[in-house]
Amino acid sequence: MSSERYNAPAREPHWQAKWDQAHIFKAENASEKPKCYVLEMFPYPSGRIHMGHVRNYAMGDVFARYKRARGFNVLHPMGWDAFGMPAENAAIERKTHPGTWTYANIATMKGQLKSMGLSLDWSRELATCNADYYQHQQKLFLDLLSKGLAYRKSSKVNWDPVDHTVLANEQVIDGRGWRSGALVESRELTQWFFKISQYSDELLSALGTLDKWPEKVRVMQANWIGRSEGMALRWALDEATAPAGHSELEIYTTRPDTLFGASFLAVAADHPLAKAAAEKDPKLAAFCDECRRMGTSVADLETAEKQGFDTGIRAMHPLDKTWLLPVYVANFVLMDYGTGAIFACPSGDQRDLDFARKYGLPVVPVVLPLGADAAAFTITNKAADGDGTMINSRFLDGMTTSAAFDAVAKKLEAERLGGKPSGTRKVNFRLRDWGISRQRYWGCPIPIIHCKTCGIVPVPAADLPVKLPDDATFDKPGNPLDRHPTWKNCTCPKCKKPARRETDTMDTFVDSSWYYARFTNPTSPTPIDAKAAAYWLPVDQYIGGIEHAILHLLYSRFFFRAISDSGHGTGSNMREPFSALFTQGMVTHETYKSHDGKWLTPAEVRIEGEGAARTATEIATNQPAEIGDIIKMSKNKKNVVDPDDIIAHWGADCARWFMLSDSPPERDVIWTESGVQGAGRFVQRVWRLVDEAANNGSTFDAAMPPVFGVEAMALRRSAHKALDGVARNIEGLRFNVAVAQIYEFTNEISAALPKSSEGLDWALRESAQFLVQMIAPMMPHLAEECWSRLGYNTLAANQAWPQADPALLVDDRVTIAVQVNGKRRDELTVALNASKSDIEVAAMALEGVVRAMDGRPAKKVIIVPQRIVNIVV
RNA sequence: GCGGACGUGGUGGAACGGUAGACACACAAGACUUAAAAUCUUGAGGGGGCAACCCCGUGCGGGUUCAAGUCCCGCCGUCCGCACCA
């Protein structure tokens, strides 16, 4: 018997080397086994892994290892989302090349991931900054271009003044750049776009098929796509007031039913009609400039009052040509939604009502809300924006709002204006096309040549890759490619005259929009090996952070469709890349501040006391420190714990186990020292238990004893139930519950150890072996150590998940609660298959039941076999 | 404003409509030890009672049900996402 403690940090590298030598995590692209593709969102090589990575990869690894044990051919790859601005910023600061910095980080982080003992197929490793990868992305771009799914246009874009680049709409959070945090400015630029809007309908409706995605993510995507059903209405402009060349105005509305409540029209400051009118009206021109200056930031929008300016133009009501309405320029009308023009019904829309009150415009109630008293109904300061019955609406009066919608639609579809229907039903989406041009160096070059003669010329596929030049300079802000002396000069592939290379690079979200497909065959000469992709895709379980709910996850869903439609998919009708998605919570930690207000790391403070009396002291100065909120680990707030330190001190298994226990995986977990200690104690406990069981004489391989005593039988039941429960909980990604079941089971083993019972030695061996196999997905090194202690010279990682014996999953006797009037008064242990009448007789005789019934007769007795008895008196 | 999630001991959290608080952390008492660590045992939702037991208890108020943390209705609160989207 070895009484030594298990030295995890010393033993873990040994087992990692064993796995490496045996190549057991290498996935084969052809197999008799069913496939399972497990993927965690690949990391950006920022320098070192953090606890968030540990949690993410630990979860994926448990699932991957479990599925391997269940007989699946598992693909579990890892790579690097390696392009991006931090590399460039680091290059500026440290005067190194972004590539040097990035590859050094990759080497460091790969070492860290290896020390976690992840069951990864490293033979498929890829880095998006490698030309081996991005050359294929350039090919994908060219094929999207030829299909019209990539295009160039001039438009207003989000400009990040800190990172000196354009950002997509999805990358602007609360008016700020998602990475730099800088307030985004609006600029008019010519940019490359991907036509994600062409897939709006499909991306939205297919959300319904993603039943293994979190509801939250689906709702967020649905809102982002933002479908609305309405009508495009063309209003004839009064000739006397309209600017030359403008005879009509098209607006978009979702409420044509409220058309008789209209009191004005409004257009965006950038609307062509506003611009035309402004030419002759300096005051209007000034107002439009003012609107444009008012940025797009949230702070601006919240404080901005509704403002408008009467253009003097009058428009004819589509249902009554004699009815003229004023056309305003209004600061709240967005040029890029609908047609940039609206009609306003103040009684039915709060914003229109505020505006009407301010400018003294009519407010005519047209919808009587359901249940409202018609005689007493008026609009004061609250618009009636719900459904109801039409009033003051001529031929619509008395109809429901939806009937009125149809009636107006029917009428205006038949009505002609300039030979065309004056109204058409129209579905509108909020989703804009994805602007992918970035004015930065460290990204995938857009394979385009600008020729004075031929215009925009794609780089011929044979000339790919368009490689980034190594000798760029980073000494000043702006795009190094743009100021490179030679790289951008080239010859036009068509006319062979001197031409200029496109110096924008692609948004790095393009890189991550197809990496999962590349993993299926990372050496394919084509971007995607259709056969390999068809075999492995879709990803069976994808795991990552919720922050990508509409960024990466929506882009990928689009990009996979777009490249499939341009000849690069699986060759089948597969449309969704990720069949199941799991969004894990963050890792949080307390924050600490020194007496003079500086953030302190957990290592820099000493904690004493507990509860409300807990105090922190800065170790270096011995000054009291302030204990702050528990928030996501961030370098800024210094509330970080370095995984390397934890692994060096406690071992990877301990870190993994702690990450998986207690908190449900979708929720945030609080990293605490005591929690790690608890996990560390459990590592030792498993080691001791297995050690003792292994010393127990009998072996599991020996023939099963013909008879088991009561204690031995009970232990066997526990073992098989635990096996079954842990399996189901890993399957459902309820790792915290699986962990709890393992704890429970180890308690059972501990309790059984000192007992003596026929067949107990054998049952203990069986239990110990099951325990080892149960923990193997979570604490794989410890499992190997224990497995060898049990006398095996095979690898635990290669063992099949043991089959639970169904006969042992149910007890032959069950204890059920007995209630009187719904309150538990006693309990009853009966044979599993006891008849209802037997149960009733036994229940009625129970002491607690007799007392509670107090001589009253039972009115009713409910018996749910194996569950409960409830006696109603 | 719109949408979503959540609300259970000191803490993290368990709980197919069926014994609420599994399991863990923290805590307390005890054993072992010269001592500490480690380990082991025991205790614990609140209140009452020597005890057997009894009452109350899953944010608040109603309802459905033999039975509600769980389902329904209405509030309150917290967190998250979107937001001048016509």
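Naming convention: chains lettered A, B, ... in sequence-line order (proteins, then strands); numbering from 1 in each chain.
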Contact letters for nucleotides 48-57 of chain B, in which S counts primed atoms plus P, OP1 and OP2 and B counts the base, heavy atoms under 4.0 Å: -----SSSS-
Please name the nucleotide paired to [N] by Watson-Crick or G-U wobble geometry with both distances under 3.5 Å, or report none.
N	result
B:C6	B:G77
B:A26	none
B:C82	B:G1
B:U58	none
B:C71	B:G63
B:G21	none
B:U39	B:A31

Look at the side chain of [X] and decide which nucleotide, out of [options], has an atom nearest to it.
X	options	result
A:N736	B:C82, B:G13, B:C23	B:G13
A:Y743	B:A24, B:C84, B:A26	B:A24
A:N747	B:G4, B:G18, B:C23	B:C23
A:E744	B:C85, B:C23, B:G4	B:C23

Taking only side-chain N and O atoms of [X], does any of them lie within less than 4.0 angstrom of OP1 or OP2 on [N]?
X	N	value
A:R688	B:A38	no
A:R681	B:C25	yes
A:R734	B:G13	no
A:N223	B:C2	no
A:R430	B:A83	yes

Donor-acceptor side-chain pairing of A:R667 and A:Q584 below 3.5 angstrom: no
Output the residues of [range] in contact with RNA chain B, where contact means a heavy atom of the residue under 4.0 Å from an atom of the strand; sort by number or write none.
range	answer
residues 660-670 of chain A	A:D662, A:S663, A:P664, A:R667
residues 226-233 of chain A	none
residues 332-345 of chain A	A:F332, A:V333, A:L334, A:Y337, A:I342

Aromatic centroids of A:Y555 and A:H548 separated by under 6.0 Å: no
Donor-acceptor contact present, side-chain A:D385 to main-chain A:D349, <3.5 Å: no
Flag, side chain of A:D826 to backbone of A:G848, donor-acceptor distance under 3.5 Å: yes
Separation of atom [atom1] in [X] from atom [atom2] in [N], rounded to whole Å:
X	N	atom1	atom2	answer
A:W224	B:A83	CH2	P	5 Å
A:I546	B:G4	CD1	C1'	10 Å
A:I630	B:C79	CD1	P	14 Å
A:Q221	B:C2	CD	P	23 Å
A:D629	B:C79	CG	P	11 Å

Sequence neighbours excluded, every pair satisfying salt bridge (charged side-chain N to carboxylate O under 4.0 Å, His left out) that has a member inside residues 723-738 of chain A: A:K67-A:E731, A:D724-A:R728
Ring pair (Phe, Tyr, Trp, His ring centres under 6.0 Å), paired with A:F309, selected from A:Y328, A:F287, A:F355, A:F264: A:F287
Sugar-phosphate only, base, or nothing, as touched by A:T815 at under 4.0 Å among non-hydrogen atoms: base
If you restrict it to nitrogen or oxygen atoms, what contacts under 3.5 Å exist between nucleotides 65-75 of chain B and the protein, and what is each distance?
from: B:C66; atom 1: O2'; to: A:N870; atom 2: ND2; distance (Å): 3.0
from: B:C66; atom 1: O2; to: A:N870; atom 2: ND2; distance (Å): 2.8

4.5 Å side-chain heavy-atom contact, A:Y252 and A:S228: yes
